Amino acid sequence: MRSFLAMIRNSFYEAVDNKIFVVLVGFSLLFTVLILLIGFEELPFEETVRGIFRNVEAHFKPVARFGSAPASETGGSPPELLDVSKVERDGKTWYRAEFTVKDPEKFRLKVPPLPGMPEWGASYEGEGGIMACLQFESRMAGFFQVRTGSMGDGRYFLEAKPGKTFETAGAQQITILFGVWKIPLRGVTSMQLVFGIESMLAKFIGGWIGVIVAIIVTSWFVPEMMAKGTIDLLLSKPVARVNIIASKYVGGLLFVFLNASVLVGGTWFAFSLKSGFWHAGYLGSVLTITLLFAVLYSVSVLAAVLWRNSILCIAASILFWVLCFLVNLANSFVNRMSGMFTEAPDWLRTGVKVIYRILPSTSDIGDLSDYFMSLGTPPVGMSAETNAKMFEKIDFAGSIVQACVFIAVMLLASYVVFRRKDF
Amino acid sequence: METAALNIENLTKTYKAWLGPQIQALKELNLKVDPGQIFGLLGPNGAGKTTLVKTLLGIVAPTGGAAEIFGVPIGRPAARRRTGYLPEDHRFPGYLTAAATLDFYGALSGMPRSERKAKIDAALDSVGLLKWKKVKTRKYSKGMKQRLGIAQAIFHDPDLVFLDEPTDGVDPVGRKAIREIILDLNRRGRTVFINSHLLSEVEMICHRVVILHAGEVLREGTIQELTRSEGEYVFCVRGDPGPCMGGIKALCTAVSGIDGGFKASLPREEDVDAIVDLLRKSGIGIRSITPVKVSLEEMFIKVLEEDGAKGGRP
């Protein structure tokens with residue numbers, strides 16, 4: 001155990017010694033500092049309603065764009081705000097907006113179906129359509145209690161109970177560099193913005209660019225250890241070869257875990273502090289980034305003991321990632337083919353299924369980030385049930401087990417090769 | 001009976017290539033090293049010296065035979081727990097300081113943290129690196145790395161130390177210091193196994209030597225045994241041996257006069273007694289009879305020439 005821990009500590013020193021580690025940590029800290037320079041300020045309700053109306057306007061345009069007549073003839077005008085006030089309802093303060101719509105008969109809205117949202121999957125036209133659209137957009141803006149109605153003479157009203165400021169789209173503006181630059185949030189809540197940026201950091205920066213950089217940086221860990229003069233010293237010590245391989249692997253994971261922790265932890269803290277949206281689900285992406293890397297690094301380790309060449313390690317890991325992506329794509333395609341235009345042949349379905357089951361599902365690991373992100377705080381405008389339904393078809397536990405089994409097989413194969421190797 | 005520090009029986013190593021010929025690096029090698037000896041392993045390039053050491057340390061797997069280190073079969077961690085090793089062209093992690101290097105390899109050797117902490121300064125001091133303790137090894141010269149390598153090999157106080165070219169890249173002062181370290185280890189009862197090309201150094205400090213060529217043992221013995229020129233003796237006498245030189249020449253294959261005596265080549269060892277008798281009968285006093293010695297280097301070359309392998313195996 002002592003020697004195993006010493007090996008892990010040494011792997012960590014090796015990683016930290018690398019300038020790329022410093023660059024990556026610096027990059028993450030820079031992100032964090034930049035976020036700390038951002039502020040969120042509340043806007044008046046009027047601005048929020050204007051934001052909602054602007055979104056309603058957007059629903060006219062697709063009709064015009066895809067219709068046969070020019071936009072000016074078939075497209076409707078956006079609602080025009082007349083007055084904004086506060087009203088008391090059930091002992092609570094609600095906002096009330098009064099507005100007119102010039103040509104409501106031109107409004108047509110076709111909402112795609114979405115599980116758990118009964119008003120979706122239908123077509124709306126005219127006044128009823130506008131009301132439904134306003135209800136929908138208000139919900140998207142974070143108002144979960146909304147009333148709409150007609151006042152006659154082409155006048156309508158919208159009443160909404162305000163939620164927390166970060167739940168109200170268009171209710172805030174971002175200030176940068178302590179107010180030097182102000183950007184109003186249009187049609188998006190600060191929560192959505194934070195959610196979106198965190199999602200991008202977790203899936204794109206961390207889960208894609210970060211993992212590729214980590215594969216490159218850690219690719220020489222094992223080949224370097226197996227270089228003449230280094231491996232002789234290690235193997236001459238009373239340390240089992242399985243410990244040497246395992247500790248190098250764990251050292252690589254530690255490197256990525258630390259980097260991901262600094263990036264995700266730092267940005268999470270900065271966003272939470274500035275927006276008041278303490279979104280703990282985002283922290284789960286540290287684990288998904290590490291798990292995705294763990295899968296790819298196990299391939300890198302096997303390549304390293306086979307060829308002792310870091311370039312080949314990088315190539316093997318990236319190609320494997322691409323292979324997983326293609327298999328996932330093929331699996332989705334074969335499944336969708338059924339009932340669409342033609343039935344996929346049995347041999348193809350079985351073949352793809354078998355490969356899909358053998359290889360770790362890297363796309364499921366990516367979706368796991370989304371799942372963690374939505375835990376406790378479903379994306380705005382979506383109920384917890386709807387959110388849960390989005391992920392119910394993904395067998396996360398199965399994917400994690402599949403990934404762990406794959407890692408174990410790769411490491412076992414690496415050990416078998418390493419154990420039989422003369423140096 | 002004391003357990004041998006090293007006991008090798010029919011040890012064989014054949015490197016198998018996917019394509020091309022097999023290379024038999026060790027051919028049924030037999031060797032025994034007693035505890036407390038400084039043992040020298042000599043041989044031309046490609047003789048199998050490094051393969052032998054690596055096989056004993058479990059770095060290379062043998063294809064046949066067996067070997068034990070203090071009674072423990074090689075390949076087991078327990079065998080390596082009692083050994084220290086300085087590989088040729090070793091590479092330390094450049095990101096570690098000298099102190100961290102010793103700490104790391106000490107931990108791998110099973111030393112508790114407290115013991116490592118307590119011994120690091122003394123170990124570095126013994127190889128003259130104490131003032132470089134906190135400097136990363138990537139900044140070290142070759143000689144410094146070599147000295148740190150020796151410190152690493154003996155840091156955990158092993159019973160058997162394998163040193164592969166221990167003085168390689170070290171200046172004469174450093175070499176002397178390394179010789180002192182080796183002799184000190186020996187004084188403390190440790191066994192040292194040296195693999196070196198510097199025959200003069202081996203001659204200076206080794207008790208026993210083995211010459212390996214093409215994976216086989218050509219010669220083995222003490223330095224005295226190996227460097228003695230067979231059948232050649234120098235007789236230092238009082239007086240003129242001239243009157244009995246006729247009888248002496250009849251016993252010898254060759255005789256040559258030297259200052260204060262003569263040098264005789266004898267076909268048989270008992271002929272020494274016959275010459276002594278002749279000298280005594282003639283009333284000539286005998287000061288000394290010394291077997292003629294050759295240097296280890298001369299012997300080494302001669303042995304290889306005899307084996308038809310001058311210049312070593314390519």
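Only a predicted model underlies this, so the values are computations on that prediction, with no experimental measurement involved. Each chain gets a letter, A, B and so on, in the order the sequences are listed, and its residues count up from 1.
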Check: When you look at CZ of B/R188, are more than 12 heavy atoms from neighbouring residues, nucleotides or ligands closer to it than 6.0 Å?
Finding: yes
Shortest non-hydrogen contact from [X] toward [Y]:
| X | Y | value |
| --- | --- | --- |
| B/T83 | A/S236 | OG1-O, 4.2 Å |
| B/R80 | A/K237 | NE-O, 2.9 Å |
| A/L233 | B/Y85 | CD2-O, 3.9 Å |
| B/A107 | A/A6 | CB-CB, 3.6 Å |

Look at [options] and state which one has the largest set of heavy-atom pairs under 4.5 Å with chain A.
| options | answer |
| --- | --- |
| B/Y105, B/F162, B/F104 | B/F104 |
| B/G94, B/G84, B/P87 | B/P87 |
| B/E88, B/R82, B/H90, B/K136 | B/H90 |
| B/D89, B/L57, B/L108 | B/L108 |

Go through the atoms of [X] and report whether side chain, backbone, both or neither lie under 4.5 Å from a heavy atom of chain A.
| X | answer |
| --- | --- |
| B/P158 | neither |
| B/Q152 | both |
| B/L96 | side chain |

Item checked: Neighbourhood of chain A inside residues 60-77 of chain B, taking heavy atoms under 4.5 Å as contact -> B/V60, B/A61, B/P77
Check: Do the side chain of B/K54 and the main chain of A/F423 share a donor and acceptor less than 3.5 angstrom apart?
Finding: yes
Checklist line | Closest-packed option against chain B by number of heavy-atom pairs under 4.5 Å, given A/N243, A/I231, A/T230, A/L234 | finding: A/T230
Notebook entry, point to check: Would you call A/D422 and B/K13 a salt bridge, taking side-chain N to carboxylate O under 4.0 Å as the test?
Noted result: yes
Checklist line | Which atoms of A/M225 approach chain B - backbone, side chain, both or neither, heavy atom under 4.5 Å | finding: neither
Next item on the list: Please flag which part of A/R9 lies under 4.5 Å from any non-hydrogen atom of chain B: side chain, backbone, both or neither.
Entry: side chain
